[in-house]
Amino acid sequence: MPELPEVEVFRREFAARGLGKMIEGVHLIAPRSLRGATGEALRAALEGDRFAGVARHGKILFARTARGPTLVIHFGMTGALRFCAAGQAAPKGALLGLTFAGGPLCAVVSQRRLGWLELTDDRLAYLRERGIGPDALSLSARDFAERIGAGRGSLKTALMDQSKIAGIGNVYSDEILFRAGLAPRSKGRDLSREGLEALHRTLRAVLEGAVGILASGAELPPDWLARHREAGAACPRCGRPLRRERIGGRSAYSCPRCQRGGAG
DNA sequence: CATCCTGTTGAGGA
DNA sequence: TTCCTCAACAGGAT
């Protein structure tokens, strides 16, 4: 379930366990998941080098080698980063397995193979070329208001638009709007300046809170909407039935009673 | 057997 | 221009 908080946890684990060690083996298990490069090029870019840094932008992970090339990882809907003991077989659904000298096996897993891998020499150029917006946690309140405040479409869709803000998906967009008390179909341009500032604060609180919780190894608490995304579930705040509706082709969960803001 | 799904992309239309 | 829906991508859960 990788949105910004999950990918940030992957980044931290990669930073702790994947940096500075010689990359001994590069096993491209799902060749079709590598875009714009051949398996040989991937091996040439990584093997024998070491990772010198790892960055996250939105839901994308960038692992930079000391020599320069950067491995770009998109996790798709069900992807994850897994570190296994050396010598262990790559987990089921692995796209790529990396073995480090004297260290663990790092596997990029995407069970439904909706994740993918790329190589780039320039992370910022990569983001620019693809039109990815600023990361949700490095966005100023002013920038947030400019990008969201004029929107004529639903707030939920706007929050999930990676060209506006990078990192938020279906689950956390619902969570942010729930915490903000805004209906998912309400529109950015119907919010006041204060409303936009409050929504931005809520966005930060939800994402930073989730990172802290997930990084500690815990799951999101039961008073989060994310724990109740299923038919017949009750609102964790007021106990009334949650609403499920289709917005932008995705299932949106909300509480009709607690989320009456935004004229939605 | 049918339906649903946390992401992304492109087509087509209002 | 902007925004919407749909289909496709693949495989597993229900």
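A, B, ... follow the sequence lines: proteins, then strands. Residue 1 opens every chain. The analysis underlying the following values was restricted to heavy atoms, covering all of them including side chains, and did not include hydrogens, waters or symmetry mates. Since we're looking at a predicted model, the values are computed, not measured.
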Could you report the tightest heavy-atom contact between [X] and [Y], atom names first, then the distance?
X	Y	answer
A:Ala41	A:Leu119	O-CD1, 4.0 Å
A:His200	A:Leu139	NE2-O, 2.9 Å
A:Gly48	A:Met22	CA-SD, 3.6 Å

Without decimals, in angstroms, what is the distance between [X] [atom1] and [N] [atom2]?
X	N	atom1	atom2	answer
A:Leu159	B:dG7	CG	C1'	16 Å
A:Arg246	C:dA7	CZ	C1'	13 Å
A:Tyr126	B:dT8	OH	C1'	11 Å
A:Asp161	C:dT5	CG	P	14 Å
A:Glu6	B:dG7	CD	P	9 Å
A:Phe75	B:dG7	CZ	P	14 Å
A:Ile148	C:dC3	CD1	P	10 Å
A:Leu95	C:dA10	CG	C1'	12 Å

So, is [X] near the phosphate of [N], with a side-chain N or O under 4.0 Å from OP1 or OP2?
X	N	result
A:Lys92	C:dG11	no
A:Lys187	C:dC3	no
A:Ser251	B:dC5	yes

With hydrophobic residues grouped by side-chain heavy-atom distances under 4.5 Å, do A:Leu4 and A:Met160 end up in a single group?
no

Using a 4.0 Å heavy-atom cut-off, does A:Gly248 contact any base of the nucleic acid, only the sugar-phosphate backbone, or nothing at all?
sugar-phosphate

Heavy atoms only, 4.0 Å cut-off, all strands: where does A:Arg244 land among base, sugar-phosphate and nothing?
sugar-phosphate

Parallel, tilted or perpendicular: which fits the ring planes of A:Phe100 and A:Phe83, with parallel below 30° and perpendicular above 60°?
parallel

Expected output is a numbered-order residue list: members of residues 105-114 of chain A with a heavy atom under 4.0 Å from any atom of DNA chain B. What is it?
A:Arg112, A:Leu114

Residues of residues 210-230 of chain A with any non-hydrogen atom less than 4.0 angstrom from an atom of DNA chain B: list those, numerically ordered, please.
A:Arg229

Given A:Tyr172 and A:Glu6, is the side chain to side chain contact (heavy atoms under 4.5 Å, CB included) satisfied, shown in steps?
CA-CA 11 Å; A:Tyr172 287 97; A:Glu6 289 81 15; 2.9 Å; yes

Quick one: do A:Glu245 and A:Arg185 make a salt bridge, cutoff under 4.0 Å?
yes

Is the charged tip of [X] near the ring of [Y]: under 6.0 Å from the six-membered ring centre and within 45° of its axis?
X	Y	value
A:Arg237	A:Phe178	yes
A:Arg130	A:Tyr126	yes
A:Arg32	A:Trp116	no

How do A:Tyr253 and A:Ile60 order along DNA chain B: which one's closest nucleotide is nearer the 5' end?
A:Tyr253

Select one nucleotide: of [options], the one nearest the side-chain heavy atoms of [X].
X	options	result
A:Thr157	C:dC4, B:dG7, B:dT8	C:dC4
A:Arg32	C:dT2, B:dT9, C:dA10	C:dA10
A:Trp116	C:dC3, B:dG7, B:dT9	B:dT9

Output, in order, the C-alpha distance, side-chain angles, deciding distance and verdict of side chain to side chain contact (heavy atoms under 4.5 Å, CB included) for A:Leu177 and A:Leu155.
CA-CA 8 Å; A:Leu177 292 170; A:Leu155 265 183; 4.0 Å; yes

Base-pair map of DNA chain B as dot-bracket, where | denotes pairing with a different strand and pairs are Watson-Crick or G-U under 3.5 Å:
.||||.||||||||

Interatomic distance at P, C:dC6 relative to B:dT3, whole Å
15 Å

Can a side-chain donor-acceptor contact be found between A:Ser251 and A:Arg246 if the only test is distance below 3.5 angstrom?
yes

Verify the distance criterion only: is there a donor paired with an acceptor across the side chains of A:Asp122 and A:Thr120 at less than 3.5 Å?
no

